[in-house]
Amino acid sequence: MAVGPRVSEWRKLPMSLTELCIDTTLRCGQAFRWRKVEDEWHCTLQGRILSLKQDATHLHYRTTWPKQTTAPGGPAAPLTPPPSSLPSPAPDQTSTPEDDEDDDDTLSLLTTYFNLPISLSALYTTWSAADPNFARRAPSFTGIRILNQPAWEALVAFICSSNNNISRISSMVTNLCLHYGPYIGTTTTTTSGSEPLHDFPSPSALAGDGVEQKLRALGFGYRARYIAQTAQIINAKGEGWLDGLRNPLSPPLGGGGGGGGGGRLPNPQPTYKAAHEALLSLPGVGPKVADCVCLMGLGWAEAVPVDTHVWQIATRDYKFGGGGKGSKTKTLNRAIHDAVGDHFRGIWGEYAGWAQSVLFTANLKSFARQAEGGGEGDGDGEEGKVEEEVKDVKEVKEVVVEVVKKEMTTGDKPTALRSTMRVTKRKVVIKTEVDEETDDMPIADVKVAATRTSKRRRVRA
DNA sequence: TATGCGCCTGGTTA
DNA sequence: ATAACCAGGCGCA
């Protein structure tokens with residue numbers, strides 16, 4: 001739980017898990033700063049710590065403000081302490097419940113950040129009616145919502161995402177905040193120790209001299225130069241430039257005025273395409289990163305970020321690339337990118353990027369167990385691995401025989417099931433996943449076949 | 001206007 | 001064990 005000088009009471013909001021599932025939404029690769037400690041999620045946002053927990057009927061939230069009061073929405077109060085030193089919370093500062101003013105602001109932030117006015121279940125219904133593949137996969141992945149993140153944060157985070165994986169992106173972004181962002185508070189737990197939380201750094205904080213070198217030293221690799229250069233450009237263009245690319249129908253996080261009012265240089269008629277093109281001018285920003293920023297930072301719901309994973313989905317589940325033979329283009333060029341995006345927009349409509357994130361999450365390896373359907377029942381903090389079977393070495397051959405036999409007896413789709421085996425000294429780990437090309441080839445059948453040969457113990461770790 | 005390749009790094013696979 | 005290879009690309013030749 002977060003401990004800080006000014007901690008509000010827990011408040012709650014009626015919320016079904018099909019409208020919002022924070023366990024999935026906060027881990028599916030669109031936001032990288034949320035941390036789950038025990039059953040609570042924490043993240044700094046707009047100068048405060050936002051803490052969340054969820055049960056079947058409600059979303060519970062509370063706010064922790066830093067010791068030094070910052071005017072909400074005001075200038076970034078530079079209360080930056082030494083970055084690496086562990087900030088010690090004031091010993092005798094007991095948490096005192098806060099007045100309603102802050103909570104009202106927090107509810108507003110929550111509503112905007114999670115795009116709560118948009119009915120997710122209605123969208124799922126529409127997508128499922130239009131797309132059998134979506135209808136097949138979505139039941140195991142409900143409550144996945146596109147977040148309305150600060151555009152600048154989304155820009156930097158997705159520059160970090162190139163040739164990268166979620167866990168490393170998360171550590172990089174966390175490090176960026178730790179070294180350049182204002183200190184907000186500290187999470188403390190009985191089991192996990194404490195962790196200082198810093199807010200996301202401003203463009204000017206990353207526009208100084210030596211940022212690239214320091215980021216390289218922090219392990220950012222070639223992205224260090226992209227971040228430093230982009231920060232200088234954004235800093236020079238002024239804060240309004242990015243927000244001028246926003247969808248006018250999507251409210252900005254800062255709580256400032258309505259559509260188009262964010263910057264001093266209001267874009268007359270911003271469009272998704274125009275925003276996309278403008279972002280491409282920044283170093284480290286290509287078509288995929290630009291679409292991520294459009295979708296998750298600028299409110300353009302029709303933006304469909306096309307990466308290798310989405311390309312896989314398009315070719316595998318939607319037979320993209322024309323009938324007969326698949327296109328031999330192995331490289332994702334710009335034409336392919338646009339064509340895939342247009343294809344999905346044609347199927348799913350104006351919220352295509354939201355639908356894409358559902359299938360994207362279903363395709364993530366870290367959600368493979370959930371993808372098998374049925375037993376989602378998560379909520380605990382330990383999921384995210386492929387289902388495994390551990391066997392003694394002497395039983396391996398029998399298992400292989402059974403699996404192969406099962407593939408052959410099913411006839412037409414031997415590729416529908418993929419198993420990989422990793423042999424260690426004394427045991428064998430079999431990872432199995434189903435392509436779901438056919439519904440009639442449940443993984444359970446294979447498990448039953450394997451059970452006959454051994455007293456296996458199934459490990460879900 | 002198109003393909004190929006180098007780039008930082010850490011985890012996974014063969 | 002160690003070397004490829006991959007991971008939610010981009011920029012340049």
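To find a chain, count down the sequence lines: A is the first, B the second, and so on, and within it residues start at 1.
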Quiz item: Looking only at side-chain N and O atoms, does A:R216 come under 4.0 Å of OP1 or OP2 in B:dC8?
Solution: yes

| request: Report yes if a donor N or O on one partner sits less than 3.5 Å from an acceptor N or O on the other, where the partners are the side chain of A:Y226 and the base of C:dG9; otherwise report no. | output: no

Stems for DNA chain C (at least 3 consecutive Watson-Crick or G-U pairs, under 3.5 Å) come to B:3-7 with C:9-13, B:9-14 with C:2-7

### Task
Name the nucleic acid region contacted by A:I159, choosing base, sugar-phosphate or nothing; use a 4.0 angstrom heavy-atom cut-off, strictly under.
nothing

*Charged N to carboxylate O below 4.0 Å: is that the case for A:R216 and A:E212?*
yes

When rounded to whole Å, the CD1 to P distance for the pair A:I169 and C:dC10 reads 12 Å

When rounded to whole Å, the CD1 to C1' distance for the pair A:I166 and C:dG9 reads 16 Å

What is the nucleic acid contact for A:V310, judged by heavy atoms within less than 4.0 Å: base, sugar-phosphate only, or nothing?
nothing

message: I want to check one thing: is the phosphate of C:dA7, taken as OP1 and OP2, less than 4.0 Å away from some side-chain N or O of A:T308?
response: no

- Is it the case that A:T126 and A:Y351 place a side-chain donor and acceptor less than 3.5 Å from each other? no

Between C:dC6 and B:dC8, how far apart are the C1' atoms? Round to whole Å, please.
14 Å

Taking the side chain as C-beta and beyond, is there a heavy-atom pair between A:S194 and A:T187 under 4.5 Å? no

- Query: Which part of the nucleic acid does A:V285 contact within heavy-atom distance under 4.0 Å: base, sugar-phosphate only, or nothing?
  - Reply: sugar-phosphate

Assert: residue with more 5' nearest nucleotide on DNA chain C, out of A:N165 and A:P287, is A:N165

- Message: Looking at A:K288 and C:dG9, is any side-chain donor or acceptor paired with a base atom of the opposite kind under 3.5 Å?
- Response: no

Practice prompt. With heavy atoms under 4.0 Å as the rule, sort A:C160 into base, sugar-phosphate or nothing.
Written response: nothing

| query | Hey, does A:P305 reach any base, or is it just sugar-phosphate, or nothing, if we go heavy atoms under 4.0 Å? | reply | nothing

Practice item. Under the side chain to side chain donor-acceptor pair (under 3.5 Å) rule, what do A:T18 and A:Y124 come out as? Steps first, then yes or no, please. Key: CA-CA 9 Å; A:T18 56; A:Y124 269 58; over 6 Å; no

request  = State, without any angle test, whether A:N363 and A:R316 hold a side-chain donor-acceptor pair at a distance under 3.5 Å.
outcome  = yes

The complete set of side chain to side chain donor-acceptor pair (under 3.5 Å) pairs with one or both residues in residues 224-236 of chain A, sequence neighbours excluded, reads none

Dump the intermediate steps for side-chain contact (heavy atoms from CB on, under 4.5 Å) on A:R223 and A:S161, then the final yes or no.
CA-CA 9 Å; A:R223 307 164 194 86; A:S161 76; over 6 Å; no

- Task: Tell me what A:R223 touches on the nucleic acid: a base, only sugar-phosphate, or nothing, going by heavy atoms under 4.0 Å.
- Result: base

*Using the C1' atom in both, what is the distance from B:dC5 to C:dC5, to the nearest Å?*
16 Å

Determine, step by step, whether A:Y180 and A:F200 satisfy the ring-ring contact (aromatic ring centres under 6.0 Å, His included) criterion, reporting the C-alpha distance in whole Å, the side-chain angles of both residues, the deciding distance to 0.1 Å, and the verdict. CA-CA 8 Å; A:Y180 290 99; A:F200 199 82; over 10 Å; no

- Query: What interatomic distance, in whole Å, is found between P of B:dG6 and the corresponding atom of C:dA4?
  - Reply: 15 Å

Salt-bridged, A:R145 to A:E19, with N to O below 4.0 Å? yes

Against the side chain of A:V289, the closest entry in C:dC10, C:dG8, B:dC8 is C:dC10

So, with a heavy-atom separation below 4.0 Å from DNA chain C, the residues of residues 141-155 of chain A are none

When rounded to whole Å, the CG to P distance for the pair A:N164 and C:dC6 reads 16 Å

- How far, in whole Å, is B:dT13 from C:dG8 if one measures between their P atoms? 13 Å

Picking from C:dG8, C:dA7, C:dC10, the nucleotide nearest the side-chain atoms of A:N163 would be C:dA7

Please measure how far the P atom in B:dT1 lies from the corresponding atom in C:dG9, and state the result in whole Å. 25 Å

### Query
What about A:R168, does its side chain sit under 3.5 Å from the base of B:dC8 through a donor-acceptor pair?
yes

Here the distance between atom P of C:dG8 and atom CZ of A:F32, to the nearest Å, is 11 Å

Taking every heavy atom of A:L206 against every heavy atom of A:I227, the minimum-distance pair comes out as CD1-CG2, 4.3 Å

- Is A:G219 touching bases, backbone alone, or none of the nucleic acid, heavy atoms closer than 4.0 Å? sugar-phosphate

Exercise. Reckon A:I313 touches a base, only the sugar-phosphate, or nothing at all at heavy-atom distances under 4.0 Å?
Worked result: nothing

To the nearest angstrom, the CG-C1' distance between A:N175 and B:dC8 comes to 15 Å

Any salt bridge between A:D342 and A:R345, counting N to O under 4.0 Å? yes

A:I227 atom CD1 is separated from B:dC7 atom P, nearest whole Å, by 19 Å

